[in-house]
Amino acid sequence: MISKAEVRPGDGWRYLFRSVMVGDGHRPTGKALRAAQDEAGVPPGVWKGRGLAAVGLTAGDVVTERQAELLLGEGRHPDADRIERELLAEGKSPARARRATVLGRPIEHNRSPKTEKAKDRTPWLGMDLTFRPPPTAHIAWALMDDERRRVLELCQDISVDKTLAWVGESVAQIRWGSGGKHRKPIRDGLIVAVFRHYESRAAESKPLLHDHAVVSIRAQRPDDKGTWGNLSADTLLSHIVVADTLYTLYFMEEVSARLGWAWEPREVTPGRRPVMEIAGIDQRLIGWQSTRRQQIEEALSVLTADYEEEHGHAPGEQAGYALACRAADRTRPPKRKELRSLSELRDGWRESAIRKFGADTINRLAERAQAAAAAVWALVRPVVDVVLAAVDTVAVVYVMRGAFKRHHLLAEARRHLTYVLRGRPHQPGLDEQIVQAAVANYTRPVGRRMMTADLRALYPRDIEGQAMVRPLTRNRMASRYERARLAAGALTARVNAARRSRRLGSRTLPHTAAVPATPAPRRRPDRTDRKAGRDQEQATDVLTVEQTRQFALAAATRLRNGMRERAASHGPHPPGAATPALPRTQQPALPPTPGRSTSPGGIT
């Protein structure tokens with residue numbers, strides 16, 4: 001799962017430097033960043049992204065405090081101190097030397113009296129994207145041996161890198177002009193600082209392997225000058241869910257390929273989307289690991305009851321998300337000031353799990369995961385049908401949203417791949433193929449950038465089919481996701497039935513005869529159509545008669561010439577022999593009808 005938080009001057013910037021960069025702990029004032037990280041037992045942050053070359057950095061370099069302060073805190077070059085010293089030595093003024101180190105527009109521009117509309121806005125410095133694997137992955141990472149722990153960390157690294165690369169190549173746009181009306185893809189790529197954490201912020205330490213990827217808002221424009229500007233924040237925000245589904249898909253594939261495990265859906269909240277978990281991991285361990293989730297769910301139930309009492313109905317998708325955010329804020333515990341190393345954390349987690357569930361359950365986690373994977377692969381056939389996937393995607397998104405955009409279809413198509421493949425690798429571009437099939441065959445535009453489901457293409461034309469499918473999408477007693485799944489299942493069954501009908505109709509069955517199809521009823525022509533039809537029919541009849549006459553004359557001439565040649569070859573006729581009379585005209589032979597054969601008896 002991916003969550004986001006904005007990094008802005010003030011509290012956001014201080015939270016990044018005092019907490020996120022040191023493992024969500026508490027960094028005392030005056031303590032160096034590296035010393036605080038060593039004391040907290042977390043690794044130092046590293047730079048990632050294809051845009052690092054433009055600022056002289058390399059992927060994998062350690063994030064120093066000064067580099068983060070300049071780039072993520074001030075929007076300047078991470079080596080601005082050296083550049084400024086060189087320019088001052090050349091005789092440049094301090095203001096000009098400082099301006100040369102700023103990437104794009106200075107932050108102070110928003111406080112300028114010349115920008116009345118912008119001076120009240122707080123500028124963005126970056127976006128903090130938090131990558132968290134599913135809960136069973138945290139359990140396996142915390143309670144299994146060191147070898148599998150390192151493999152899971154490698155899977156996390158690869159999936160995060162691939163997701164960030166996709167965001168930089170396919171999503172990130174740079175904007176300029178009034179209101180950001182000019183937008184184009186960025187030139188090289190993103191600049192990201194990644195910080196790894198090991199535990200949750202619950203009162204009792206619990207395993208939570210996750211990465212904070214702080215994306216710099218600065219990026220290069222796609223021009224030859226190499227000028228800098230700001231990323232389009234709304235574009236990034238609208239694609240968070242799409243990136244989330246891609247990250248989950250990549251992580252599942254890496255775990256299955258390297259450890260041989262399979263995945264299965266688990267319903268967290270009744271009537272909501274299920275989450276994918278490692279098959280064979282004891283479900284009780286999820287409750288032990290996610291004590292923070294339990295606290296949020298308890299607070300959420302109270303908030304939901306208050307909402308239903310006030311509004312008279314259950315909260316929808318947007319209202320439910322807002323209530324969940326309020327529940328998380330209410331149950332947020334304070335930061336712990338004393339942190340422990342990873343080895344100490346793992347020892348404590350293992351002792352706690354053994355005390356609660358027994359040594360046999362904890363020691364056989366890997367064995368049971370392997371056995372469950374064999375059972376899953378024996379029952380599940382990981383084959384993706386693009387047509388069925390497109391129908392399923394459109395049906396779910398239509399019921400959930402009504403009108404939608406292309407990235408909504410892309411997110412649901414990736415969820416479909418996770419459910420079907422269960423961790424098996426997918427062909428690159430398969431998600432885009434599903435979306436393309438859905439857009440081309442089952443949607444219609446309803447606005448400049450919005451579309452909706454094409455009901456004429458999705459729903460059956462007969463009354464019985466409509467009576468079967470439509471009530472599924474209007475059942476207010478069920479949740480919106482349950483109605484979406486019911487509609488998708490009904491439409492998928494209809495596609496399969498149509499395929500079976502076509503396969504049976506294309507077979508050649510014994511003792512059957514082909515019967516010509518009844519011609520379709522024709523529309524009764526009006527006066528204009530009748531007149532045009534008469535003119536066309538008359539012209540066609542005249543042309544046909546003329547062609548027939550010419551063909552008959554040519555055939556008669558050929559027949560007459562042939563008879564004369566045969567008579568001359570047999571010599572003069574004896575006296576009294578009758579000369580065969582030549583016909584004046586002869587009806588031309590009709591060409592054989594396609595698909596028919598003439599029997600020796602002359603019966604067609």
Between [X] (side chain) and [Y] (backbone), is there a donor-acceptor pair under 3.5 Å?
| X | Y | answer |
| --- | --- | --- |
| Thr452 | Gly402 | yes |
| Asn363 | Ala359 | yes |
| His210 | Met1 | no |
| Ser256 | Met252 | yes |
| Ser159 | Gln156 | yes |

Nearest-0.5 Å distance, [atom1] of residue [X] to [atom2] of residue [Y]:
| X | Y | atom1 | atom2 | answer |
| --- | --- | --- | --- | --- |
| Ile217 | Leu125 | CD1 | CG | 8.5 Å |
| His138 | Leu152 | NE2 | CG | 10.5 Å |
| Arg350 | Arg355 | CZ | CZ | 13.0 Å |
| Trp47 | Ser216 | CH2 | OG | 7.5 Å |
| Leu209 | Arg132 | CG | CZ | 11.5 Å |
| Ser238 | Lys405 | OG | NZ | 7.0 Å |

Stepwise, does the salt bridge (charged side-chain N to carboxylate O under 4.0 Å, His left out) test hold for Arg368 with Asp360? CA-CA 11 Å; Arg368 291 175 178 173; Asp360 181 70; 3.4 Å; yes
In short, side-chain hydrogen bond (donor to acceptor under 3.5 Å, both in side chains) pairs touching residues 420-438 with sequence neighbours left out are Glu253-His426, Arg406-Glu432, Arg414-Asp431
Write down the atom of [X], the atom of [Y], and the distance for their closest heavy-atom approach.
| X | Y | value |
| --- | --- | --- |
| Arg346 | Asp145 | NH2-C, 3.9 Å |
| Asp188 | Gly51 | CB-CA, 4.3 Å |
| Glu264 | Ala279 | OE2-CA, 3.7 Å |
| Val275 | Val268 | CG2-CG2, 3.4 Å |
| Pro382 | Val380 | CD-O, 3.3 Å |
| Ile281 | Ala369 | CD1-CB, 4.5 Å |

Verdict with supporting geometry, Leu16 and Asp128, side chain to side chain contact (heavy atoms under 4.5 Å, CB included): CA-CA 9 Å; Leu16 173 65; Asp128 180 11; 5.7 Å; no
Would you say that [X] contacts [Y] through its side chain, given a criterion of any heavy-atom pair below 4.5 Å between the two side chains?
| X | Y | result |
| --- | --- | --- |
| Leu417 | Ile434 | yes |
| Arg148 | Trp261 | yes |
| Leu342 | Arg149 | yes |
| Phe131 | Val194 | no |
| Leu430 | Val386 | yes |
| Ile174 | Pro222 | yes |
| Trp124 | Val7 | no |
| Met276 | Pro265 | yes |

Before you tell me yes or no, could you show the steps for Met450 and Arg401 under side chain to side chain contact (heavy atoms under 4.5 Å, CB included), namely the whole-Å CA-CA distance, both residues' side-chain angles and the distance that decides it to 0.1 Å? CA-CA 11 Å; Met450 303 293 291; Arg401 307 190 66 90; over 6 Å; no
Between Val396 and His416, is a side chain to side chain contact (heavy atoms under 4.5 Å, CB included) present by the stated rule, with each step listed? CA-CA 10 Å; Val396 173; His416 180 86; over 6 Å; no
Between the side chains of Thr136 and Glu277, does any donor sit under 3.5 Å from an acceptor? yes
In chain order, what residues pass the salt bridge (charged side-chain N to carboxylate O under 4.0 Å, His left out) check against Glu308, with sequence neighbours excluded? none
Salt bridge flag under 4.0 Å for residues Glu254 and Lys162: yes
One thing to verify: whether Glu153 and Arg150 come together as a salt bridge, which I'm taking to mean a side-chain N less than 4.0 angstrom from a carboxylate O. no
Glu147 atom CD, over 12 foreign heavy atoms within 6.0 Å: no
For the aromatic rings, using the six-membered ring if either is Trp, is the centroid distance between Tyr247 and Trp166 under 6.0 Å? no
Check the angle between the aromatic planes of Phe251 and Trp263 and answer parallel, tilted or perpendicular using the 30° and 60° thresholds. perpendicular
I'd like a table of donor-acceptor pairs (distance under 3.5 Å, sequence neighbours excluded) in which one partner is a side-chain atom from residues 437-448, with atom names and distances.
{"residue": "Asn441", "atom": "ND2", "partner": "Ala437", "partner atom": "O", "Å": "3.2"}
{"residue": "Thr443", "atom": "OG1", "partner": "Val439", "partner atom": "O", "Å": "2.7"}

Does the pair Arg196 and Asp157 meet the rule for a salt bridge (charged side-chain N to carboxylate O under 4.0 Å, His left out), with working shown? CA-CA 10 Å; Arg196 171 151 296 176; Asp157 291 335; 2.6 Å; yes
Test salt bridge (charged side-chain N to carboxylate O under 4.0 Å, His left out) on Asp211 and Lys48; report intermediate values, then the result. CA-CA 12 Å; Asp211 290 332; Lys48 293 185 179 182; 5.9 Å; no
As a quick check of understanding, evaluate side chain to side chain contact (heavy atoms under 4.5 Å, CB included) for Val241 and Arg415, giving each step before the final call. CA-CA 11 Å; Val241 178; Arg415 292 192 188 100; 3.3 Å; yes
